[in-house]
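These values consider heavy atoms only, across backbone and side chains, with no hydrogens, waters or symmetry-generated copies. Keep in mind the model is a prediction, meaning the values are calculated, not measured. Each residue takes its place number in the sequence, starting with 1.
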Amino acid sequence: MPSCVEEIRKVLVLYTGGTIGMVKNDDGVYIPASNRFIQKIKSYPELHNEQVLSKYIEGIPEEDYLIMPQIHNRNTILYTIKEYNPLLDSSNMSVDDWVRIVKDIESFYDYYDGFVILHGTDTLAYTASALSFMLEDLQKAVIVTGSQIPIFEVRSDAKDNFLSSLIFAGCYKIPEVCVCFANQLLRGNRTVKFSSCNLEAFNSPNYGPLGIVGINFEVYPNNIAKINNTKTLKVYTEMSKNVAMIQLFPTISADMLIAFLKPPTMGVIIESYGIGNIPSKRADLLDVLVQAIKRDVIVVNITQCCQGTVDSTYETGKILEQLGIIPGHDMTVEAALSKLSYVLGLSLSLTAKKQLMKTNLRGELTQH
Ligand code: ASN
């Protein structure tokens, strides 16, 4: 059962960018601002206490970056913020940025009790999903967070999101990649950004929360992966970039589908209608899919609904399985795409890769 410990805990914060540390430029639009975030954090006594810190930093080389909050007089968290250069709006992030994050976690894994990733919200769910596959047998918490309003603004949600993430990462044994946002702790590969403007920007449509922040911190042991100290972290960085995603829509043509499926594409997520249905009377579309599967392209079926799973309830869904399309169960599109990128990067047979796509690897899907 995850528990709060009473000792000094160390957390590494990787600051990749996002609104959390943005300021407006001369044109009045938000851009990332280097070397401002740490300074601002140091101005909050609850996030950094110089006097208490001085008791602990002797002999620690990176003292400039060590900051310490005291949480309810119970736990003390020493943390280091590693600011990336350049800081990015998360819309500009790609597979290479995922690789950089996991390599940093790997390098510092033994030195810290947990990790916080500060990230823009736009592609945060993709990164959280990707990290969950790239970090196998993770035994420490990796908490991804950000904010909808920059930390420099009066109504910012940044400080609460950051503080809660530090506490989850430092004080609780949660061996998973999670998203902590607006007082909710969600499984990373179950999370989607569902609002561009609410402070509650994320939800987890097909899986319950891992924890909540109220007057007390609560974690739900039944929803959290189990610690297994016999396992050691394995890091995967060979992610395929040849993956695509296409949502079905009534005016789709065979040519449009061909464009998505042509080489070098090796895997495609099809966002089908409802519970996994495609237009079964459209022989032109079905033929394009069959040709792609014959070329060993892995095609995975995901619902385009905000919530739910795919199955073969209807003739229009059954046909997908008959064609050799893999059911993606209740994976989010973010999880399905990043999992496909991960699976295609593994040195395995095509059959084994297809099998992995329908198997639950990191709690990302529910198998019935
Ligand atoms: N565009 C920003 C980003 O994803 C949005 C945010 O962080 N709230 O970096």
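Rounding to the nearest 0.5 Å gives a distance of 9.5 Å between CZ of Phe181 and CD of Glu200. Going from atom CD1 of Ile298 over to atom CG of Asn242 covers 12.0 Å, rounded to the nearest 0.5 Å. Taking CD of Gln139 as the start and CG of Leu233 as the end, the distance is 8.5 Å to the nearest 0.5 Å. Atom CG of Leu320 is separated from atom CG of Asn301 by 4.5 Å, given to the nearest 0.5 angstrom. Separation of atoms CD (Glu153) and CD (Gln148) is listed at 12.0 Å; rounding is to 0.5 Å. Between the CD atom of Glu176 and the CG atom of Leu210 there is a distance of 5.0 Å, given to the nearest 0.5 Å.
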Verify side chain to side chain contact (heavy atoms under 4.5 Å, CB included) between Val288 and Asp284, making sure each step is shown before the conclusion. CA-CA 7 Å; Val288 175; Asp284 57 338; 5.9 Å; no
Verdict with supporting geometry, Thr265 and Phe260, side chain to side chain contact (heavy atoms under 4.5 Å, CB included): CA-CA 7 Å; Thr265 298; Phe260 268 86; over 6 Å; no
Could you walk me through whether Met134 and Val99 pass the side chain to side chain contact (heavy atoms under 4.5 Å, CB included) check? CA-CA 8 Å; Met134 297 165 86; Val99 170; 3.8 Å; yes
Pair Arg36-Glu83, side chain to side chain contact (heavy atoms under 4.5 Å, CB included): steps then yes or no: CA-CA 10 Å; Arg36 300 261 315 252; Glu83 180 171 313; over 6 Å; no
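Classified by interplanar angle (parallel below 30°, tilted 30° to 60°, perpendicular above 60°), the ring pair Phe115/Tyr109 is parallel. Between Tyr236 and Tyr342, the angle of the ring planes goes over 60°, which puts this pair in the perpendicular group of the 30/60° scheme. Using cut-offs of 30° and 60° on the angle between ring planes, the pair Tyr172 and Phe217 is parallel. The aromatic rings of Tyr112 and Phe108 sit perpendicular to each other, their planes meeting at more than 60°, with 30° as the lower class boundary.
Here the shortest heavy-atom pairing between Ser338 and Ala130 reads OG-N, 3.5 Å. Smallest separation of non-hydrogen atoms from Asp137 and Thr232: CB-O, 3.5 Å. Here the closest heavy-atom approach between residue Ile20 and residue Ala158 is recorded as CG1-CB, 3.6 Å. When all heavy atoms of Ser34 and Leu87 are compared, the pair lying nearest together is CA-CD1, 3.8 Å. In plain terms, the two heavy atoms of Thr127 and His119 that are nearest each other are OG1-NE2, 2.8 Å. Gln304 and Leu248 make their closest contact through NE2-O, 3.1 Å (heavy atoms, listed as atom of the first residue, atom of the second, distance).
Residue-environment remark: CD (Glu238) stays at or below the threshold of 12 foreign heavy atoms within 6.0 Å. Other residues, nucleotides and ligands contribute more than 12 heavy atoms inside 6.0 Å of the CD atom of Gln367. Other residues, nucleotides and ligands place no more than 12 heavy atoms under 6.0 Å from the OH atom of Tyr111.
For Tyr44 and Phe162, the gap between ring centers reaches or exceeds 6.0 Å.
The closest side-chain heavy-atom distance from Pro250 to Tyr273 is below 4.5 Å. Residues Glu334 and Met245 form no side-chain contact, since every pair of their non-hydrogen atoms from C-beta on lies 4.5 Å or further apart. With a 4.5 Å cut-off on side-chain heavy atoms, Pro150 and Tyr30 count as touching. Side-chain contact between Asn35 and Gln39 is absent, with no heavy atoms from C-beta onward closer than 4.5 Å. Ile278 has its side chain within reach of Leu289: a pair of non-hydrogen atoms, C-beta onward, lies under 4.5 Å apart. Ile269 has its side chain out of reach of Val243: every pair of non-hydrogen atoms, C-beta onward, lies at least 4.5 Å apart. Looking at heavy atoms from C-beta onward, Ile101 lies out of side-chain contact with Val142 at the 4.5 angstrom threshold. Inter-residue side-chain proximity for Ser204 and Arg187 is flagged as unmet; no heavy-atom pair is nearer than 4.5 Å.
Checked by atom type and distance alone, the side chain of Arg190 pairs as donor or acceptor with a backbone atom of Gly363 at under 3.5 Å. With hydrogens and angles disregarded, no donor-acceptor distance shorter than 3.5 Å links the side chain of Ser164 to the backbone of Asn183. Listed for the Ser272 side chain is a donor-acceptor partner under 3.5 Å among the backbone atoms of Ile302. Formation of a donor-acceptor pair under 3.5 Å by the Ser156 side chain with backbone atoms of Phe152 is not found in this model. In this structure, Glu136 contributes its side chain and Lys234 its backbone to no donor-acceptor pair below 3.5 Å. In this structure a side-chain-to-backbone donor-acceptor pair under 3.5 Å is present from Asp89 to Ser91. Checking side-chain atoms of Ser90 against main-chain N and O of Thr123 turns up a donor-acceptor pair under 3.5 Å. In this structure a side-chain-to-backbone donor-acceptor pair under 3.5 Å is missing from Glu364 to Met331. Thr303 contributes no side-chain N or O that, together with a main-chain N or O of Ile275, makes up a donor-acceptor pair within less than 3.5 Å. Listed for the Asn198 side chain is no donor-acceptor partner under 3.5 Å among the backbone atoms of Ala201.
With 3.5 Å as the limit, one finds no donor-acceptor pair spanning the side chains of Ser147 and Asn161. No hydrogens or angles considered: nothing links the side chains of Asp255 and Ser253 as a donor-acceptor pair under 3.5 Å.
Under a hydrophobic-cluster definition in which Ile, Leu, Val, Met, Phe, Trp and Tyr are linked whenever side-chain heavy atoms come within less than 4.5 Å, directly or via other members, Leu350 and Val299 are assigned to different clusters. In the hydrophobic clustering of this structure, Val23 does not group with Val29; members are Ile, Leu, Val, Met, Phe, Trp, Tyr whose side-chain heavy atoms approach within less than 4.5 Å, directly or through other members. Tracing side-chain contacts under 4.5 Å through hydrophobic residues (I, L, V, M, F, W, Y), one never reaches Leu186 starting from Phe194; they form parts of separate clusters. Leu344 and Val333 fall within the same hydrophobic cluster, defined by Ile, Leu, Val, Met, Phe, Trp and Tyr side-chain heavy atoms under 4.5 Å apart, directly or through other members. Hydrophobic cluster membership is shared by Phe37 and Val13, with clusters built from Ile, Leu, Val, Met, Phe, Trp and Tyr side chains linked at under 4.5 angstrom.
A side-chain contact (heavy atoms from CB on, under 4.5 Å) with Ile149 holds for exactly one of Val154, Leu199, Thr19; it is Leu199. Each of Val177, Leu12, Ile117 was checked for a side-chain contact (heavy atoms from CB on, under 4.5 Å) with Ile105, and the lone residue meeting it is Ile117.
Applying the side chain to side chain donor-acceptor pair (under 3.5 Å) test to His329 and every residue at least two apart in sequence or in another chain returns nothing.
Listed by first and then second residue, the salt bridge (charged side-chain N to carboxylate O under 4.0 Å, His left out) pairs involving residues 96-120 are Arg9-Asp113, Lys82-Asp104, Asp96-Lys241 (not counting sequence neighbours).
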